[in-house]
Protein chains: 2
Amino acid sequence: MSPRKSVERELTREMIMNAARDLFTTKGYEHVSMRQIANILGCSHGAIYYHFKNKAELFFALVEDHFKMLNSILDDIMKQELDNREKLRQIFVGYIRFGLTYQSHYEIMFLIKDDEVKNFINQEPNHTYDNFAKSVYSLCEWKKVTLQDVWSIFLSLHGFVTHYCRHVVGFDDVKDMAYRHADFLLRAIE
Amino acid sequence: MSPRKSVERELTREMIMNAARDLFTTKGYEHVSMRQIANILGCSHGAIYYHFKNKAELFFALVEDHFKMLNSILDDIMKQELDNREKLRQIFVGYIRFGLTYQSHYEIMFLIKDDEVKNFINQEPNHTYDNFAKSVYSLCEWKKVTLQDVWSIFLSLHGFVTHYCRHVVGFDDVKDMAYRHADFLLRAIE
DNA sequence: TATTTAATTGAACAGTGGTCAATAAGGAGG
DNA sequence: CCTCCTTATTGACCACTGTTCAATTAAATA
């Protein structure tokens, strides 16, 4: 019979997100329940709904951070002193490295099929893709590369990540293959 | 009070699969419940468990057919009277068409994360990929194409299907893009 | 006709996401 | 110190899920 905790134990969005991050990252969205999260936090599942409208919104709050991370990875590569071809290679491989290093985050970002979650995620992936596309496009302006080609490249990198996400291997396990995949894609636009 | 139906209304695996196929195809694995299937069949949900161990097994029974279907789609294209380049194009697009026509089955075939379903699937995807790889490889022997390239092509097609599976569009909605993606991949091996 | 077997039912169980009245802690004003 | 009010929390409740299983009965067999 304690309908409210003392102030030093009050729940924050931050606390909920930290508890949820671990669970979502290890178990995946569908296999984590609000009651499990509440259990770790030592509160009731109802309390979470005071801070987040629903499971999907809680999830989305986490995902936003990961989009930013991917963007900054790509930006860093753009700033490096490399010729355009090598930069492209690094961007391709960098994308794959990100996807396989943060597999469940990637899953959240690009593989979620839950309708409710999907409603939250709309602009962010597009914004990230725009960033990717702009970088790639600017690096091969001198070639006859169309926007459609850039999209094909993205889908092809996405396929690589997706496949090896399912087979749960780390980036290092497929590093060589990643570079060869990147070279394969480079050949298509040369 | 009718704990058993008369013989002409008896349930068969076939009947259950037919009812389930429609639901799974339109709504996706997770959004179909055993009770919904039972409802369409006019029986209790318990009855289905007499014919199938669980939901995953029922689904897998359907998926097996789809692996065969994909194989025969590729085989049919191989038998057509086309030059090698056009055959390749058709195989690429045929793969995409299959993936987007049977989205939730494709999901189960190549995107599964559910552990229970995964246990059922083991050899089938490999066999299907072997068939794909053999066809592609034989169609471009005259070029300098490696097995690694074939694998990259597969991953790239896989990425296309995966992406548009998530965004739930039909094949016709992205038909043009599919052909352009195929052309993009052809360029990589030319 | 009596007995066995096979197929079906529906209640029950433990779990899910989500809602909401009831409740109490903490701060504000007097 | 004592009200009053806002705010955060609880846990019962709802409708749903996949799955199990004793009870039941139609059909097949002897």
Side-chain angles (χ1 to χ4, degrees), chain A residues 1-20 23-24 26-62 108 112-120, chain B residues 1-20 23-24 26-63 104 108 112-120:
Chain A
M1 302 293 168
S2 60
R4 182 155 183 187
K5 294 218 169 87
S6 59
V7 76
E8 72 262 16
R9 295 188 178 188
E10 253 180 24
L11 222 48
T12 61
R13 280 175 70 98
E14 202 72 21
M15 286 165 62
I16 297 171
M17 283 169 70
N18 285 336
L23 283 179
F24 280 137
T26 55
K27 298 179 150 199
Y29 181 75
E30 260 122 5
H31 295 98
V32 174
S33 73
M34 296 300 255
R35 281 167 180 82
Q36 281 170 31
I37 299 170
N39 207 38
I40 286 185
L41 291 164
C43 69
S44 73
H45 64 282
I48 301 178
Y49 285 91
Y50 182 81
H51 299 274
F52 294 94
K53 190 177 125 206
N54 53 31
K55 188 180 173 183
E57 200 203 74
L58 164 57
F59 199 82
F60 178 63
L62 295 169
I108 292 161
I112 272 296
K113 61 182 192 323
D114 190 297
D115 284 333
E116 307 211 39
V117 182
K118 223 181 307 190
N119 289 337
F120 286 101
Chain B
M1 303 290 172
S2 59
R4 183 157 182 186
K5 294 220 167 86
S6 59
V7 76
E8 72 263 17
R9 295 187 178 189
E10 253 181 22
L11 223 47
T12 62
R13 280 175 71 97
E14 202 73 20
M15 287 165 61
I16 297 171
M17 285 169 70
N18 285 337
L23 284 178
F24 280 137
T26 55
K27 298 178 150 202
Y29 181 73
E30 260 122 5
H31 294 97
V32 174
S33 73
M34 296 301 255
R35 283 169 180 81
Q36 281 169 31
I37 299 170
N39 208 38
I40 285 185
L41 291 164
C43 70
S44 74
H45 61 282
I48 300 177
Y49 286 89
Y50 182 81
H51 299 274
F52 294 93
K53 191 177 122 205
N54 53 31
K55 188 180 173 184
E57 199 202 75
L58 164 55
F59 200 86
F60 179 63
L62 295 169
V63 169
S104 59
I108 297 298
I112 267 302
K113 57 182 184 337
D114 190 301
D115 285 332
E116 305 209 40
V117 183
K118 216 186 303 193
N119 289 337
F120 287 100

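Hydrogens, waters and symmetry mates are skipped; everything else that's a heavy atom, side chains included, is used. Lettering follows sequence order; numbering is per chain, from 1.
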Is there a side-chain contact between [X] and the phosphate of [N], meaning an N or O under 4.0 Å from OP1 or OP2?
X       : N      : answer
A/Ser33 : C/dT16 : yes
B/Gln36 : D/dT17 : yes
A/Lys5  : D/dT9  : no
B/Lys53 : D/dT19 : no
A/Tyr49 : C/dG18 : yes

Over how many whole Å does the gap from [X] atom [atom1] to [N] atom [atom2] extend?
X       : N      : atom1 : atom2 : value
B/Ile16 : C/dT8  : CD1   : C1'   : 11 Å
A/His51 : C/dG18 : NE2   : C1'   : 16 Å
A/Asn54 : C/dC20 : CG    : C1'   : 16 Å
B/Phe59 : D/dT19 : CZ    : P     : 14 Å
B/Met34 : C/dT9  : CE    : P     : 14 Å
A/Ile48 : D/dG11 : CD1   : P     : 14 Å
A/Glu57 : C/dT19 : CD    : P     : 12 Å
A/His31 : C/dG17 : NE2   : P     : 12 Å

Atom CD1 of A/Ile48 and atom SG of A/Cys43: how far apart are they, to the nearest 0.5 Å?
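With rounding to 0.5 Å, CD1 (A/Ile48) is 5.0 Å from SG (A/Cys43).
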
Review item, nucleotides 11-13 of chain C N/O atoms under 3.5 Å of protein N/O:
unit_1	atom_1	unit_2	atom_2	d
C/dA11	N6	B/His45	NE2	3.4
C/dA12	N6	B/Arg35	NH2	3.4

Take A/Ala47 and A/Val32, find for each the nucleotide of DNA chain C with the closest heavy atom, and name the residue whose nucleotide sits nearer the 5' end.
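Result: A/Val32.
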
For [X], all residues meeting side chain to side chain contact (heavy atoms under 4.5 Å, CB included), sequence neighbours excluded:
X       : answer
A/Arg13 : A/His51, A/Phe52, A/Glu57, A/Ala61
A/Asn39 : none
A/Thr26 : none
A/Ser33 : A/Arg35, A/Gln36

Look at the side chain of B/Leu11 and decide which nucleotide, out of D/dT19, C/dT9, C/dT8, has an atom nearest to it.
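Nearest to the side-chain atoms of B/Leu11, counting from C-beta on, is C/dT8.
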
Choosing from D/dG11, C/dA7, C/dT9, which nucleotide comes nearest the side chain of A/Ser44?
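Of the options given, the side chain of A/Ser44 lies nearest D/dG11.
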
Plane angle bin for A/Tyr29 and A/Phe24 - parallel if under 30°, tilted between 30 and 60°, otherwise perpendicular
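Plane angle under 30°, so parallel.
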
4.5 Å side-chain heavy-atom contact, B/Ile37 and B/His45
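Sidechains of B/His45 and B/Ile37: no contact.
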
